[in-house]
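For reference, the structure is listed below as C-alpha cells.
Each chain gets a letter, A, B and so on, in the order the sequences are listed, and its residues count up from 1.
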Number of protein chains: 2
Amino acid sequence: MGAPARKHDVFQAIADPTRREVLRLLAEKERPISEISAHFPISRTAISKHLRILSEADLVKGEKAGRERIYYLQPEPLTELKEWLSFYERFWNNKLQKLKYIVEEE
Amino acid sequence: MGAPARKHDVFQAIADPTRREVLRLLAEKERPISEISAHFPISRTAISKHLRILSEADLVKGEKAGRERIYYLQPEPLTELKEWLSFYERFWNNKLQKLKYIVEEE
DNA sequence: TTGACATGAAACCAAAAGGTTTTATATAAT
DNA sequence: ATTATATAAAACCTTTTGGTTTCATGTCAA
C-alpha cells in the first residue's frame with residue numbers, strides 16, 4: 001500500500017549526467033543498448049549498468065526482442081520529483097515576487 | 001552569459017537524502033549549523049560538509065552573525081530542475097491520457 | 001585575559017560509484 | 001553445425017562520497 005519501494009531512488013538515478021542523457025535519448029524513441037551506447041564514449045557494459053540503475057528506479061523498462069533488448073522510457077516516477085519540487089516552488093515564487101516588487105518601486 | 005557555472009550540480013546536490021532534509025529544515029526557517037545538525041544522528045562536521053555542497057550548488061547561503069553562521073534557503077537553482085522536468089511532463093501526461101482512454105473504453 | 005562555544009579545516013577511512021576487461025549465454029544468419 | 005551478434009554477469013580497479021576524529025581560529029562571556 002505504501003510507497004513504490006523501488007530499489008533505486010529517483011533522485012539518485014537522475015544525479016548522473018550520463019543517465020540523464022540516456023533518458024533523453026529514450027524520450028526520443030525506444031532503443032536497444034548498443035544503439036544507446038553508440039552515443040557515449042564509454043563502454044557498452046557501463047551503459048548497461050546505468051540502464052540497470054534506471055530500471056531499478058522504474059524510469060526505464062527493457063523488453064527482450066530476439067537477441068536484443070529494447071529499452072523505453074517510463075516517466076511516471078518523475079512525478080515524485082515534481083511533487084518534491086512543488087513544495088519549494090512557492091519559495092522561489094515569493095522570491096521572484098519580491099524582486100518584481102523591488103524593480104517596480106524604482 | 002551562459003549557465004550559472006556552479007561548482008556543484010543541483011541534481012547531484014539533491015541526490016542525498018540528508019541534504020534534502022537539510023533543505024526542508026531551512027525551508028521552515030533559517031538556522032545555524034548546530035541547530036541543523038541537532039536533527040541528525042551524524043556529526044556536526046558531516047552536516048557542515050553537506051552544507052558546503054548545498055552552498056556550492058547555490059541552494060543555500062550562509063551569513064556570519066557573531067560567532068555563528070546562519071544558513072538560509074536559496075531556492076532559485078531549483079528552477080533548473082523544474083525546466084528539466086517540464087520536458088518529461090508531456091510524456092507522462094500522454095501516458096496518463098492513454099490510461100484514461102483505456103479505462104473509459106471498458 | 002581566560003575560558004567556553006561555534007565553526008572551519010585537515011587527515012584519515014570504509015563503502016559506494018563509475019568504469020574496465022573477461023567470460024558466459026542466447027539468438028540469428030550462413 | 002558454425003560463426004557472429006547482442007546482451008548479461010562477474011571480477012576487478014580507481015575515484016568519489018559520506019562519514020569520523022583531531023586540531024585551529026574567531027568571538028562572546030566572566
Side-chain angles (χ1 to χ4, degrees), chain A residues 5-26 29-74 77 81, chain B residues 5-26 29-74 77 81:
Chain A
R6 298 182 184 97
K7 195 181 165 196
H8 259 99
D9 204 71
V10 176
F11 291 91
Q12 194 259 335
I14 65 162
D16 184 272
T18 300
R19 285 196 289 271
R20 288 200 298 278
E21 180 66 8
V22 168
L23 289 179
R24 203 193 55 75
L25 287 169
L26 293 180
K29 65 171 200 277
E30 57 181 35
R31 311 171 191 255
I33 293 196
S34 46
E35 188 183 327
I36 299 170
S37 68
H39 289 77
F40 297 91
I42 62 181
S43 72
R44 184 191 47 71
T45 310
I47 296 296
S48 183
K49 283 190 184 180
H50 282 305
L51 280 167
R52 196 155 58 78
I53 288 169
L54 287 172
S55 74
E56 280 169 0
D58 291 340
L59 281 166
V60 306
K61 214 174 154 188
E63 256 165 36
K64 246 187 116 176
R67 63 181 150 177
E68 31 183 48
R69 178 178 295 273
I70 310 296
Y71 280 89
Y72 51 92
L73 186 66
Q74 198 89 39
L81 229 183
Chain B
R6 299 184 183 95
K7 196 180 163 196
H8 257 99
D9 204 71
V10 176
F11 292 90
Q12 195 259 336
I14 65 162
D16 184 90
T18 300
R19 284 195 290 270
R20 288 200 299 278
E21 181 65 7
V22 168
L23 289 180
R24 202 191 57 76
L25 287 170
L26 293 180
K29 66 170 198 278
E30 57 181 34
R31 309 171 192 255
I33 293 197
S34 47
E35 187 182 326
I36 299 171
S37 68
H39 289 78
F40 297 91
I42 62 181
S43 72
R44 185 194 45 75
T45 311
I47 296 296
S48 183
K49 282 190 183 179
H50 283 305
L51 281 167
R52 196 155 57 78
I53 290 170
L54 288 172
S55 75
E56 280 169 0
D58 291 341
L59 281 166
V60 306
K61 215 175 153 187
E63 256 165 37
K64 246 189 117 174
R67 63 180 150 180
E68 31 183 48
R69 177 178 294 273
I70 310 295
Y71 280 89
Y72 52 91
L73 186 66
Q74 198 89 38
L81 230 183

* **Nearest-0.5 Å distance that lies between atom CG in A:Leu23 and atom CD1 in A:Ile36** =>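 Nearest 0.5 Å value for the CG-CD1 distance: 9.5 Å.
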* To do: Could you tell me the separation between the CD atom of A:Glu68 and the CD1 atom of A:Ile33, rounded to the nearest 0.5 Å?
  =>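 The CD1 atom of A:Ile33 is 10.0 Å from CD of A:Glu68, to the nearest 0.5 Å.
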In whole angstrom, what separates [X]'s [atom1] from [N]'s [atom2]?
| X | N | atom1 | atom2 | result |
| --- | --- | --- | --- | --- |
| A:Asp16 | D:dT17 | CG | C1' | 14 Å |
| A:Arg52 | C:dA16 | CZ | C1' | 13 Å |
| A:Arg20 | C:dG18 | CZ | P | 11 Å |
| B:Glu63 | C:dG8 | CD | C1' | 18 Å |
| A:Arg31 | D:dT7 | CZ | C1' | 18 Å |
| B:Ile70 | C:dG8 | CD1 | P | 11 Å |
| A:Ile36 | D:dA8 | CD1 | P | 10 Å |
| A:Phe40 | C:dT20 | CZ | P | 13 Å |

At less than 4.0 Å, is any side-chain N or O atom of [X] found next to OP1 or OP2 of [N]? Yes or no.
| X | N | result |
| --- | --- | --- |
| B:Ser48 | C:dG8 | yes |
| A:Gln12 | C:dA17 | yes |
| A:Ser43 | C:dG19 | no |

* **Main-chain N/O of A:Ala13 paired to A:Arg19 side chain as donor or acceptor, under 3.5 Å** => yes
* To do: Could you tell me whether a side-chain N or O of A:Arg31 sits under 3.5 Å from a main-chain N or O of A:Ile70, the two making a donor and an acceptor?
  =>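 Not a single qualifying donor-acceptor pair exists.
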What's the closest nucleotide to the side chain of [X] if the choices are [options]?
| X | options | value |
| --- | --- | --- |
| B:Thr45 | D:dA8, D:dT20, C:dT7 | D:dT20 |
| B:Ala46 | C:dT21, D:dT20, C:dT7 | D:dT20 |
| A:Ile42 | C:dT20, C:dA9, D:dA6 | C:dT20 |
| A:Glu68 | C:dG18, D:dT7, C:dT20 | D:dT7 |
| B:Ser34 | C:dA6, D:dA6, D:dT20 | C:dA6 |
| A:Arg69 | D:dA8, C:dA6, C:dG8 | D:dA8 |
| A:His50 | D:dG19, C:dG18, D:dA8 | C:dG18 |
| B:Arg67 | D:dG19, D:dA4, D:dT27 | D:dT27 |
| A:Lys64 | C:dA17, C:dG8, C:dA26 | C:dA26 |
| B:Lys49 | C:dG8, D:dA6, D:dG18 | D:dG18 |

* **Contact check, side chains of B:Val10 and B:Asp58, non-hydrogen atoms, under 4.5 Å** => no
* Scan B:Arg19 against the nucleic acid and name what it touches under 4.0 Å (heavy atoms): base, sugar-phosphate only, or nothing. => sugar-phosphate
